[in-house]
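Worksheet for the structure shown next.
Order of appearance sets the numbers: ligands from 1, and atoms from 1 within every ligand. The structure presented is a predicted model; accordingly, all values stated were derived computationally and were not measured.
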Amino acid sequence: MTRTVGVAGCGTMGVGIAIVAARAGFTVRVFDTSSEALDRAHEQTADFLKKSVARGKLSPSDRDATLARLIGSTRIADLADCEFVIEAIYENLTAKHDLFGQLDQVCPPETIFASNTSTISITEIAAGSGRADRFVGMHFCLPAQLMRLVEMSPGLNTSDETWRAAWAFCEALGQKPVATSDTPGFVLNYFLIPYHNDAIRLVEQGVASPADIDIAMKAAMGYPMGPFELLDLVGADTQKLLCDAMFGLTNEKRAACPPLIRRMIAAGHLGKKSGRGFHHYDDSKMFGA
Ligand SMILES: NC(=O)c1ccc[n+]([C@@H]2O[C@H](COP(=O)([O-])OP(=O)(O)OC[C@H]3O[C@@H](n4cnc5c(N)ncnc54)[C@H](O)[C@@H]3O)[C@@H](O)[C@H]2O)c1
């Protein structure tokens, strides 16, 4: 029997996580309160899978089967038959508590909940889920459909059984889990948020342009993307939320949101999703194939 999982929130991260799960053979119920977000996610997914076929990474029949396993909905009740639900909505504790409170009413007691949060405590989110023992952190990396790392973290009340099941689920997705403690930023964002802010402050100080900093970091470090290419994928709005959450928890100066990010949000320069961020874009198609 095909296993069914849910993804709540299909913005930048949720769409990639949904592709990962569908590609691994799961039926995926994709829930978002915005029908525009669902339409955009469908378009991005079809485009991504088309490129995967063109690059010989996926057969046309696997593409069709993967697309057929993705079922979008604006009704939370449609997640009722999910074995796991991975949450990828806004980085806001109240919003996440509200969502998990509703999911707790909709899903059977055995459903395991996971949050893709980057900076909020898993234990704190789990406290509002009604099932803190069946709750775990699963932090995918952007772009999730291409990056294999998932930082897995237990909350203080996560049961051993949940932890083992979530770890096995992550491996069944074809991802590479690593165990981290319930710490803001886990491993990756502990480095990435201050690094991105440092790059933005170099631009604020007029040291170099985003394009030249991208060239420098790729040429020097062998990174596949420069900091501003990655920031444009992350989104200025999400970067601000990440900075505010990380700074609020750690008081680490380098995590404080640079003023330029606030101005870019006010101007609508959110990154690839709005057609303009640190760079300009002709479309909102996904990265890679
Ligand atoms: N962007 C990144 O680089 C990145 C990387 C790893 C983890 N994360 C984490 O993933 C989560 C999502 O980030 P994102 O960048 O994908 O955000 P996003 O703003 O791109 O997408 C959020 C989506 O959630 C939907 N949504 C909001 N409230 C909802 C609700 N109550 N129910 C259902 N859908 C709802 C919105 O309509 C939107 O489509 C955050 O917790 C973030 O910290 C982000």
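Looking only at heavy atoms of the protein, atom 10 (O) of ligand 1 is closest to Asn116 ND2, 3.0 Å. The protein heavy atom nearest to atom 41 (O) of ligand 1 is Glu91 OE1, 2.6 Å. For atom 15 (O) of ligand 1, the closest heavy atom belonging to the protein is Thr238 OG1, 3.4 Å. Counting protein heavy atoms only, atom 8 (N) of ligand 1 is closest to Ser118 OG, 3.2 Å. Counting protein heavy atoms only, atom 5 (C) of ligand 1 is closest to Met13 SD, 3.3 Å. The protein non-hydrogen atom at the shortest distance from atom 21 (O) of ligand 1 is Gly11 CA, 3.2 Å.
Side-chain contact, Ser115 with Glu87: a donor N or O sits under 3.5 Å from an acceptor N or O. No side-chain donor from either of Thr117 and His139 sits under 3.5 Å from a side-chain acceptor of the other. Using modelled atom types and a 3.5 Å distance limit, the side chains of Thr119 and Glu91 yield a donor-acceptor pair. In the model, Asp182 has a side-chain atom that pairs as donor or acceptor with a side-chain atom of Ser121 under 3.5 Å.
Residue-environment remark: CD (Glu171) exceeds the threshold of 12 foreign heavy atoms within 6.0 Å. More than 12 heavy atoms of other residues, nucleotides or ligands sit less than 6.0 Å from atom OH of Tyr195.
Within the 4.0 Å heavy-atom criterion, the part of Leu242 lying near ligand 1 is the side chain and not the backbone. With a 4.0 Å heavy-atom cut-off, ligand 1 is reached by the side chain of Ala37 but not by its N, CA, C or O.
Distances below 4.0 Å separate heavy atoms of Phe140 from the following atoms of ligand 1: 6 (C). For ligand 1 and Lys96, the ligand atoms under 4.0 Å from any heavy atom of the residue are 40 (C), 41 (O). Close approach to Leu99 involves these atoms of ligand 1, each under 4.0 Å from a residue heavy atom: 32 (N). Close contacts of ligand 1 with Leu142, meaning ligand atoms under 4.0 Å from a residue heavy atom, involve 3 (O). Interface atoms of ligand 1 facing Ser34, defined by a heavy-atom separation under 4.0 Å, are 37 (O). Of all atoms in ligand 1, listed by their number and element, those nearer than 4.0 Å to a heavy atom of His139 are 6 (C), 7 (C). Listed by number with element, the atoms of ligand 1 under 4.0 angstrom from any heavy atom of Thr117 are 41 (O).
Compare Val234, Asp98, Asp32 by their heavy atoms: the one nearest to atom 38 (C) of ligand 1 is in Asp32. With distances taken over non-hydrogen atoms, the option nearest atom 28 (N) of ligand 1 out of Phe186, Tyr90, Phe31 is Tyr90. Nearest residue to atom 29 (C) of ligand 1 from Ile89, Ile86, Val7 is Ile89 (criterion: closest heavy atom).
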Given Phe135 and Phe100, is the ring-ring contact (aromatic ring centres under 6.0 Å, His included) satisfied, shown in steps?
CA-CA 10 Å; Phe135 198 102; Phe100 281 116; 4.9 Å; yes
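Annotation: side chain of Phe278 is not in contact with side chain of Glu229 (no heavy-atom distance under 4.5 Å).
Residue contacts with ligand 1 include Ala88, since one or more of its heavy atoms lies under 4.0 Å from the ligand.
Partner Lys240 forms a side-chain hydrogen bond (donor to acceptor under 3.5 Å, both in side chains) with one of Thr238, Asp244, Asp237 and no other, that one being Asp244.
Linking Ile, Leu, Val, Met, Phe, Trp and Tyr whenever their side-chain heavy atoms come within less than 4.5 Å leaves Ile125 and Leu241 in two separate clusters.
Because its NZ or CZ atom is both nearer than 6.0 Å to the ring centre of Phe113 and within 45° of the ring axis, Arg131 counts as a cation-pi partner of that residue.
Close placement of the Phe26 and Phe169 rings is indicated, their centers lying within 6.0 Å of each other.
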